[in-house]
K.L.:
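A single structure is presented below for examination.
It should be emphasised that the depicted structure is a prediction, and the values quoted were computed from it without experimental measurement.
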Amino acid sequence: MKLKALVAALGLIAMASASANDVVLDFGNVANVSGETYFASGFIQHDVGSFTDQLKFSVLGSADDIWSGLGTIADQPKVDGSNITGLTVDLFHAQPGSTTFALYATIGSGDYITNGGPLVEGYYYFKVSGTATGPSPSSYAYTASAAVPEPESYAMMLAGLGLLGVIARRRLRG
């Protein structure tokens, strides 16, 4: 009897620790975001172990078919060897009024992911999965823009990504 209780307790602890590492962010309706701004950007940090994050947003109202859903996700390796491996990103979509999400696009896998595609009206979420490894917490950076950027925005994005590369390279060198 005590063995069954111990096994059940260990199972509950394992389930709690597996889901405690996941992050869910909701950026709301991005239909009115201008092409000059990202609706989401930042860093998400994870302790050692696997994770599956959800970055949610919706395109409702005055959206049109030129929206592109540009996004960038890049791991941020540390000098101590901490990193995120197996980084994968999928985009899921549900029609307005529906709660059933379907795979909309496979964004990719690897250490650096950037992609997008035409977005229709509805609800979306990026499913970001990976495994944090090393002696300290690991993180990844994300940016997302729903509107079609102006050429100046591309230049600023490339400059920012270049800076991320320089920072990552300096961290690796110590």
Side-chain angles (χ1 to χ4, degrees), residues 3-28 30 37-58 68-94 101-117 119 123-146 149 153-154 156-174:
L3 180 60
K4 287 182 182 180
L6 178 63
V7 170
L10 289 175
L12 288 174
I13 291 170
M15 286 180 7
S17 65
S19 62
N21 209 19
D22 298 343
V23 173
V24 177
L25 299 176
D26 191 342
F27 300 103
V30 300
T37 59
Y38 292 105
F39 69 82
S41 67
F43 294 88
I44 295 178
Q45 181 171 292
H46 286 288
D47 292 328
V48 173
S50 61
F51 62 87
T52 301
D53 297 339
Q54 289 186 11
L55 308 178
K56 300 177 179 183
F57 65 98
S58 55
S68 62
L70 300 172
T72 303
I73 297 186
D75 69 336
Q76 304 292 299
K78 292 183 177 179
V79 175
D80 68 3
S82 297
N83 200 1
I84 294 180
T85 60
L87 191 63
T88 61
V89 182
D90 292 313
L91 180 61
F92 288 84
H93 172 254
F101 282 85
L103 181 64
Y104 192 74
T106 297
I107 306 300
S109 63
D111 291 336
Y112 181 82
I113 300 159
T114 181
N115 206 336
L119 300 181
Y123 301 95
Y124 293 88
Y125 71 90
F126 288 103
K127 176 183 166 189
V128 183
S129 301
T131 303
T133 62
S136 64
S138 300
S139 63
Y140 65 87
Y142 65 91
T143 59
S145 172
S153 297
Y154 282 114
M156 286 189 68
M157 181 177 70
L158 289 174
L161 293 175
L163 286 173
L164 281 175
V166 168
I167 291 168
R169 190 169 287 179
R170 283 187 179 179
R171 285 183 179 176
L172 286 175
R173 288 186 183 160

K.L.:
Any non-hydrogen side-chain atom of L25 less than 4.5 Å from a side-chain atom of V23?
P.N.:
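L25 vs V23: side chains touch.
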K.L.:
Quick one: closest heavy-atom pair of A141 and Q76, and the distance?
P.N.:
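What the structure gives for the nearest pair is CB-NE2, 3.7 Å.
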K.L.:
How long is the straight-line distance from CD1 of I84 back to CD1 of I73, given to the nearest 0.5 Å?
P.N.:
10.0 Å
K.L.:
For the pair Q54 (side chain) and T52 (backbone), establish whether a donor and an acceptor sit closer than 3.5 Å, ignoring hydrogens and angles.
P.N.:
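Here the side-chain-to-backbone pair does not exist.
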K.L.:
Quick one: OG on S58 to OH on Y124, what's the gap to the nearest 0.5 Å?
P.N.:
10.0 Å
K.L.:
Walk me through whether V128 and I44 qualify under side-chain contact (heavy atoms from CB on, under 4.5 Å).
P.N.:
CA-CA 11 Å; V128 183; I44 295 178; over 6 Å; no
K.L.:
Are the side chain of K78 and the backbone of P137 linked by a donor-acceptor contact shorter than 3.5 Å?
P.N.:
yes
K.L.:
Which atom names give the shortest non-hydrogen contact between D75 and P77, and what distance separates them?
P.N.:
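Smallest heavy-atom distance, with atoms named: O-CD, 3.4 Å.
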K.L.:
Listed by chain and number, what are the ring-ring contact (aromatic ring centres under 6.0 Å, His included) partners of Y125, not counting sequence neighbours?
P.N.:
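ring-ring contact (aromatic ring centres under 6.0 Å, His included) check on Y125 returns F92, F101.
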K.L.:
For T131, give me all partners under side-chain contact (heavy atoms from CB on, under 4.5 Å), at least two apart in sequence or on another chain.
P.N.:
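Counting only residues at least two positions away or on another chain, T131 forms a side-chain contact (heavy atoms from CB on, under 4.5 Å) with S50, T85, T133.
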K.L.:
List the residues meeting side chain to side chain donor-acceptor pair (under 3.5 Å) with H93, not counting sequence neighbours, and say none if there are none.
P.N.:
none
K.L.:
Parallel, tilted or perpendicular: which describes the rings of Y140 and H46, with under 30° parallel and over 60° perpendicular?
P.N.:
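Parallel: the ring planes of Y140 and H46 meet at under 30°.
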K.L.:
So, using side chain to side chain donor-acceptor pair (under 3.5 Å) as the criterion, who are the partners of D80 when residues are at least two apart?
P.N.:
S82, S136
K.L.:
What heavy-atom pair brings A132 and F51 nearest, and what distance separates the two atoms?
P.N.:
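Closest approach of A132 to F51, heavy atoms only: N-CE2, 4.1 Å.
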